Amino acid sequence: GTGNEANWLIDAFSLVNNDWHPAGTWPPVEAGTRKWVTAATVCMNPVTEQVYVAAPGSLRRFDPDSGRVAELARWPQNSTAVRARACAVDTDKRQLVFFGDGYRAPRGGLKYDLKSRKLSPIEFKGEEAPRITARIKAQ
């Protein structure tokens with residue numbers, strides 16, 4: 001891409017070569033749409049370097065070793081539930097955690113279990129939970 005448009009293309013930079021991979025090297029996360037690309041939630045597993053993306057229809061994973069994008073799980077509602085929210089890979093518990101669920105505010109979140117391959121709701125506890133899971137608003 002040009003860097004000036006919203007799309008689901010995967011761009012990659014090589015630290016070895018100090019240069020961008022040529023356009024089209026990797027498959028798109030989602031083909032043929034630009035829906036909900038702005039503020040999409042993305043996080044990386046620091047051990048495997050696999051990248052998880054909240055695409056419109058489903059949670060997807062880009063695997064840099066195979067160069068493939070896989071659909072992991074359909075959203076209970078849709079990806080706007082986690083749009084513009086933080087996510088993290090818990091490598092100890094082997095799960096992906098989304099800090100917020102727009103359909104279950106203020107304490108709801110989602111988790112994807114990497115072993116069972118199930119996406120399920122979670123509830124954050126404690127008096128700071130609503131503040132932590134509050135939607136990020138653009139200034």
Side-chain angles (χ1 to χ4, degrees):
T2 64
N4 295 317
E5 61 181 77
N7 59 56
W8 288 103
L9 299 176
I10 296 173
D11 294 321
F13 188 84
S14 169
L15 294 174
V16 172
N17 300 326
N18 286 331
D19 197 7
W20 290 94
H21 291 207
T25 299
W26 307 105
V29 171
E30 173 122 352
T33 184
R34 293 183 177 179
K35 186 177 183 181
W36 297 329
V37 101
T38 304
T41 297
V42 177
C43 59
M44 184 184 79
N45 184 323
V47 175
T48 66
E49 295 189 345
Q50 293 172 328
V51 179
Y52 296 88
V53 182
S58 60
L59 174 61
R60 310 247 173 147
R61 179 188 62 220
F62 171 67
D63 184 340
D65 290 335
S66 70
R68 294 191 175 125
V69 175
E71 182 177 344
L72 301 179
R74 304 287 297 169
W75 298 110
Q77 288 85 16
N78 59 59
S79 67
T80 63
V82 295
R83 189 169 180 263
R85 298 180 193 271
C87 71
V89 178
D90 180 340
T91 56
D92 291 337
K93 293 183 179 178
R94 298 196 62 214
Q95 64 185 2
L96 180 63
V97 178
F98 293 92
F99 296 94
D101 178 345
Y103 295 96
R104 295 178 35 256
R107 296 179 182 272
L110 292 169
K111 71 175 179 178
Y112 177 76
D113 187 289
L114 296 167
K115 188 174 180 182
S116 70
R117 299 180 179 168
K118 292 186 180 178
L119 184 64
S120 58
I122 57 174
E123 184 176 325
F124 298 105
K125 299 186 182 338
E127 73 179 59
E128 290 298 313
R131 185 182 67 78
I132 292 168
T133 59
R135 184 175 185 144
I136 300 169
K137 300 206 186 279
Q139 298 288 332

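Small disclaimer: the values here were computed from a predicted structure and weren't measured.
- Judged by distance alone, with hydrogens and angles left aside, the side-chain atoms of R131 form no donor-acceptor pair with the main-chain N or O of E127 at under 3.5 Å.
- Considering only heavy atoms from C-beta on, T91 comes within 4.5 Å of P46 through its side chain.
- Contact annotation: the side chain of P76 approaches that of L119 to within less than 4.5 Å [non-hydrogen atoms, C-beta and beyond].
- No donor-acceptor distance shorter than 3.5 angstrom exists from the side chain of T80 to the backbone of R83, with no hydrogens or angles considered.
- Residue K111 holds its NZ atom at 10.0 Å from CG of D90, rounded to the nearest 0.5 Å.
- Aromatic ring orientation, F124 versus F99: parallel (interplanar angle below 30°, classes split at 30° and 60°).
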Margin query: Using side chain to side chain contact (heavy atoms under 4.5 Å, CB included), reason through F98 and L96 one step at a time and then give a plain yes or no.
Written below: CA-CA 7 Å; F98 293 92; L96 180 63; 3.7 Å; yes
Margin query: Working note: V89 + Y52, criterion side chain to side chain contact (heavy atoms under 4.5 Å, CB included); need CA distance, chi angles, decisive distance, verdict.
Written below: CA-CA 9 Å; V89 178; Y52 296 88; 4.0 Å; yes
Only pairs under 3.5 Å count here: list side-chain donor-acceptor contacts from residues 63-75, not counting sequence neighbours, and write none if there are none.
{"unit_1": "D63", "atom_1": "OD1", "unit_2": "D65", "atom_2": "N", "d": "2.9"}
{"unit_1": "D63", "atom_1": "OD2", "unit_2": "Q50", "atom_2": "NE2", "d": "3.3"}
{"unit_1": "S66", "atom_1": "OG", "unit_2": "R68", "atom_2": "N", "d": "3.3"}
{"unit_1": "R74", "atom_1": "NH1", "unit_2": "G57", "atom_2": "O", "d": "3.4"}
{"unit_1": "W75", "atom_1": "NE1", "unit_2": "A55", "atom_2": "O", "d": "2.9"}
{"unit_1": "W75", "atom_1": "NE1", "unit_2": "S58", "atom_2": "O", "d": "3.4"}

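- Note on W20 and L15: same hydrophobic cluster, where clusters join Ile, Leu, Val, Met, Phe, Trp and Tyr whose side-chain heavy atoms are under 4.5 Å apart, directly or indirectly.
- Of the possible polar contacts, one joining the R104 side chain to the G109 backbone as a donor-acceptor pair under 3.5 Å is found.
- Taken to the nearest 0.5 Å, the CG atom of N45 stands 9.0 Å off from the CZ atom of R94.
- Transitive grouping of hydrophobic side chains (ILVMFWY, heavy atoms separated by less than 4.5 Å) keeps V53 and L59 in distinct clusters.
- Side-chain atoms of T41 come within 3.5 Å of backbone atoms of R85 as a donor-acceptor pair (strictly under, hydrogens ignored).
- Scored by the side chain to side chain contact (heavy atoms under 4.5 Å, CB included) test, A40 finds W8 as partners (sequence neighbours excluded).
- Under the side-chain hydrogen bond (donor to acceptor under 3.5 Å, both in side chains) criterion, S116 pairs with D113, sequence neighbours left out.
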Next item on the list: Could you check Y103 against V82 for side chain to side chain contact (heavy atoms under 4.5 Å, CB included), going step by step and ending with a plain yes or no?
Entry: CA-CA 9 Å; Y103 295 96; V82 295; over 6 Å; no
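- With rounding to the nearest 0.5 angstrom, the CG atom of D11 is 9.0 Å from the OG1 atom of T25.
- The number of heavy-atom neighbours closer than 6.0 Å to CD of E49, taken from other residues, nucleotides and ligands shown, is 12 or below.
- Here the side chains of F62 and I10 are in contact, with some heavy-atom distance below 4.5 Å.
- In this structure, CZ in R60 is found 4.5 Å from CD in E30, a value given to the nearest 0.5 Å.
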Next item on the list: For H21 and W26, run side chain to side chain contact (heavy atoms under 4.5 Å, CB included): C-alpha distance rounded to whole Å, both residues' side-chain angles, the deciding distance at 0.1 Å, then the answer.
Entry: CA-CA 9 Å; H21 291 207; W26 307 105; 3.2 Å; yes
